[in-house]
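Comments concern the structure below.
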Amino acid sequence: MIQLKIAFLDEEGAYLEQLKAYLIRKRDVFFKVFTFSKAEAFLSCKERAEFNAVVMTAPFWDRVDGHTGKAKKIWFCEGTEEAPETGCLQVAKYQSAEKLLSRISAMLWQEEAEEKIQFQENAAELVGIYSPVHHENQVLFGMTMAQILGETRKVLYVNLMEHSGFYQLTKTECTEDIGDLLYGMMQNGHDFAAGLHRIRRSFRNFDYIPPAVNPEHLSEISKALYEQLLMALKNRSGYDVVMVDFGMVFLGFAEMLPAFGSFYCLGKDGMLNRCRMEEFLDYLGREGEQTADRMNRLLLPEPAAYAADGNLLEHSLYGGMGDYIRRCLYGGAASGE
């Protein structure tokens, strides 16, 4: 996996310490950050030639000029002051660390003719989740598993469900969602990695692509675009694990199952629910016995009670669902078992 080396040059030492503390808490392995509050310390750094970017406030711009090597120079804008160079890359200092690093990574993941950053083939393992009975706890299951895996691995969560409840559960909002990423993928010359790392966000210890706000955007995804998306997530995302929560079967669904290292099919007790599950497995069986055998059929444990404060994700992580995943599933078994 590509790790970007970023140097931050800022005279405000307390700010730099907060930035490093954020990365430690988040266990972010995409970035290796170096901080300098004095130009002399930067100029004497032995790893200076290996930096991918040097992000600096105005006082450093001229003082280190000519000593940044091949690194991209990014102006760390503190307010309304005039940029040191016309057309230079710039990023606002006073914003959340998550948004700051997302904007910087979007700049650095751009594919350029003279220097292309390539991710290893098959770098990420795809983990799929689907419920033919539309299990009401599917999102809780997927997000709980993402949190557990995120304790030790770099995880991206992708929700392809209509009205999943994600934003209510996480109490978050978005300005761009997966619909924007898909629209970009349909344009000539679009760089998937740059688009992904521009819109990705973090929740606790995993990253996610904001789910579709407008469900009509999901209905417009063609078979070719689904395949392009899944292969890009597998080969171009840079994550260890990409979890995909499916809301519906689409054209070519069964054909794409071999791309997944693990796939969980959530069932539920009851005669009608068992009939639905069997019909779904029969459909997969027509693609071949091996396709149907890839499905790990699960009956999730029923929650004892929902949290009084309404924090379903917290309750799920440390309640029966989290214990079940840690003990019986992905959290307690080798990858792909």
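Numbers for residues simply follow the sequence, beginning at 1.
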Salt bridge (Lys or Arg N to Asp or Glu O under 4.0 Å) assessment of R276 paired with E279:
CA-CA 5 Å; R276 289 171 173 170; E279 286 185 358; over 6 Å; no
Evaluate side chain to side chain donor-acceptor pair (under 3.5 Å) for W61 paired with E85, printing each intermediate quantity in order.
CA-CA 9 Å; W61 197 270; E85 291 181 10; 3.0 Å; yes
Before you tell me yes or no, could you show the steps for R297 and E278 under salt bridge (Lys or Arg N to Asp or Glu O under 4.0 Å), namely the whole-Å CA-CA distance, both residues' side-chain angles and the distance that decides it to 0.1 Å?
CA-CA 11 Å; R297 300 172 59 177; E278 291 305 320; 3.1 Å; yes
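Remark: K268 pairs with E136 by the side chain to side chain donor-acceptor pair (under 3.5 Å) rule, at least two apart or across chains.
Between F203 and Y208, a ring centre-to-centre spacing not shorter than 6.0 Å is recorded. For an aromatic pair to be called close, the ring centres must be under 6.0 Å apart, and F246 with F253 satisfies this.
Of the charged side-chain nitrogens involved, at least one lies within less than 4.0 Å of a carboxylate oxygen, so that R236 and D191 count as a salt-bridged pair.
Counting non-hydrogen atoms of neighbouring residues, nucleotides and ligands closer than 6.0 angstrom, the CE atom of M248 reaches no more than 12 such neighbours. Applying the 6.0 Å contact sphere to CD of E227 captures no more than 12 heavy atoms from other residues, nucleotides or ligands. Around atom CD of Q187, more than 12 heavy atoms belonging to other residues, nucleotides or ligands sit under 6.0 Å away. Within 6.0 Å of atom CD in Q168, 12 or fewer heavy atoms from other residues, nucleotides or ligands are found, so the atom counts as exposed in its surroundings. For CD of E47, the number of neighbouring non-hydrogen atoms (other residues, nucleotides, ligands) closer than 6.0 Å is greater than 12.
A 4.5 Å side-chain heavy-atom check between C45 and F51 finds at least one atom pair inside the cut-off. Within the 4.5 Å cutoff, the side chain of L89 has heavy atoms near those of the K72 side chain. Side-chain contact between F8 and I104 is present, with heavy atoms from C-beta onward closer than 4.5 Å.
Hydrophobic clustering (ILVMFWY, side-chain heavy atoms < 4.5 Å, transitive): I221 and I199 are in one cluster.
Rounded to the nearest 0.5 Å, atoms CG (N296) and CG (L266) are 10.5 Å apart.
Residue Y130 is tested with F250, F260, F280 for a ring-ring contact (aromatic ring centres under 6.0 Å, His included); the sole match is F280.
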